[in-house]
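Lettering follows sequence order; numbering is per chain, from 1. Model, not experiment: these values are computed from the prediction. Side chains included, hydrogens not; waters and symmetry mates left out as well; all remaining heavy atoms used.
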Amino acid sequence: MSDSPPEKPDDLNTPETLPALPPRVPTGLPGLDRILGGGLFQAGIYLIAGPPGSGKTILANQLCFYHVAAGGRAMYITLLAESHARMLGHLQTFSFFSADAVGQTLKYINGFKAIENEGLAGLLQLLRGAVREHRATLLVLDGMMTASVLARSGTDYKKFINELQTWAGMYGCTVLFLTSADLDGAGQPEHTMVDGICELGLERLDMKTMRKLTVHKFRGSGFAEGGHTYVITRDGLVIYPRLESLPLSQLPERANGKRLGTGIAALDRLMGGGLAYSSTTLFLGSSGSGKTIFGLHFLAAGAQAGEPGLLFGFFENPAEVIHKANRLGLGLDTLCERGDVTILWQPAAEQLLDALGERLLRTVRERGIKRLFIDGLVGFKEADHSGRLAGYFAVLAAELAVLGVTTIITEETRELFVREIQVPTPGVSAIFQNIIFFRQVEVEAELLRLLSVMKTRDSAHARALYQFDITDHGIEIGLPFQPSRNVLTGVSQLLAEGPPMSTGGKHEGER
Amino acid sequence: MKTLLIIDDEFSLVESLTELLSWEGYEVVTAANGRQGLEQLERSSPALVLLDYMMPVMDGMQVLRSLRSNPAYRDLPVVLMTAAPMGLPPHEKGWTALLRKPFTAADVLRVIERLLGDSRGDIDRSG
């Protein structure tokens, strides 16, 4: 027997240090990682629930293949789900599939015999051995409904989850349970015990199906709440976080009164010197009133000023837009070739609102876009099936402002000759710092184009109606339109002889 | 085969540690609270004790006091396991090593191997 004191304390865990959160395990799906704030937590147990066909198996396999490609080891255990041969056959069509990983760093085993012969204790033994011997850092258990059905009691099932949780924690192994059980079922033990619950759902909207992912629970950090749309592509699940649920990237840059020329000097003068830096402007008017041409001038002027531009359009394809701009002498083909202007065309097909936002913001970030022309708002409106547009655009505009992007958006009025001036999309007008209204009027059997600056923030602006023409040299804005009756009806009557068109005269806003 | 005594009221952890340490070639005996732990200590003469800090009936510090007051157990390695974030007992209270929960299998094996020398039970795992 010795009188010496006990050994020095082990330095593995000192009393002074608080237990840290486990490291994150990226899922390999950028959208899901954004929703979760960086990925799953190592050694956490997560439940992925959804009806057949919702993509649970694809998602879990996608995570496995990404995990092993990043240096981890994964084990996929099925319980009365589809056979491995069938599953692997289907998976081969996805881009994430790697035949080299299967059977090496990613193993598939069937756990049904273990649970059928020895119950949950047998299954637990199988899982423990799988984690330990394969050194798995990701474990998928596909078919949790089978496990819950074959459990002798609720307590047995809870005990199974609890013991697996402890074992997974000891080996730093992250676990995914897949189930097609309805999440609404009250009192299901796994709901309270797991570290996170993610639901994949299908929603019918008239003739189309919308896929929606919802995170119901995520221990250890905040997450983007509510539903997020996703699609299943050749690359597996592509998830688009709901724009309104994401935090802004950073504080907005200070504008310091900087203004951007629109490429039309006369319009800049009407607006007190151009568009405020990082502002959002609405071009409102009927079809053919000249909104797109004004937008193209804005992008061309940006290219000359070294400010990369983006045309995010829904109507005309790139060839048509370039042809239109070149007719005005804007040389858009050259600007595109040089990378000064990018055209992203969204063809007339079913679009997802958040996919549009993701594509737009990704391009803005990747290309350092400073001028954005969205032609037009209706493209977003048609992709909105939940009445989200006002909130969505408020966040989109704020994010663009944060990124130092000055934006113009077009919206069509319903009628060629407008009687009542209002923004057709409800709830969005408040997000626009500037609104310019384009209209056409009939004067003595001739259609004239007019514009008026209805709103500018942080500057004075001209209040009159101005006639403008679209010529081979671009836009020419004249003096204030002559006083007349019934302009807003679209059929105007002159009260006196007006002055000739001029682009160099003094304007009301300059007085 | 060396015997390890686990005293912990957390059933799943006791199960997992038993599984792990048995696999590593140790004989494992367990107790669910401090009083049972002291009784098990007398019966099994373990080479090392894994002792939970917070337990019903007798907590880890009470077990340590009782254990260290017996000259037969004065040098017995005791690994104190705790999930308590702060307010841990000072080393003078008699524990040999501290493991903060949750710990990994590698953590616990490293501590045991350090305290018991290079032996890991009696299983030759070189193959």
**Message:** With a sphere of 6.0 Å drawn around CZ of A/Arg132, does it hold more than 12 non-hydrogen atoms of other residues, nucleotides or ligands?
**Reply:** yes

**Prompt:** Is the CZ atom of A/Arg135 crowded by more than 12 outside heavy atoms at less than 6.0 Å?
**Reply:** no

**Sub-4.5 Å side-chain heavy-atom contact between B/Glu19 and A/Glu163** = no

**Asked** Do A/Trp167 and B/Glu15 have side-chain heavy atoms sitting under 4.5 Å apart?
**Response** no

**Asked** What's the shortest heavy-atom distance between A/Thr166 and B/Leu13, and which atoms?
**Response** CG2-CA, 3.7 Å

**Request:** Considering non-hydrogen atoms only, spot the tightest contact between A/Tyr171 and B/Ala105 and give its length.
**Result:** CZ-CB, 3.8 Å

**Prompt:** Atom OG in B/Ser12, atom CG in A/Leu124: separation rounded to 0.5 Å?
**Reply:** 10.0 Å

**Asked** Distance from A/Arg128 atom CZ to B/Trp23 atom CH2, nearest 0.5 Å?
**Response** 13.0 Å

**Fill in**
The interface call for A/Gln165 against chain B, heavy-atom contacts under 4.5 Å, is neither

**Message:** Using the ring-ring contact (aromatic ring centres under 6.0 Å, His included) criterion, which residues pair with A/Phe223? Sequence neighbours excluded.
**Reply:** none

**Test log, rule side chain to side chain contact (heavy atoms under 4.5 Å, CB included), inputs A/Met170 and B/Leu17** = CA-CA 9 Å; A/Met170 286 178 60; B/Leu17 281 173; 3.8 Å; yes

**Item:** Under 4.5 Å from any heavy atom of chain A - which part of B/Leu20
**Value:** both

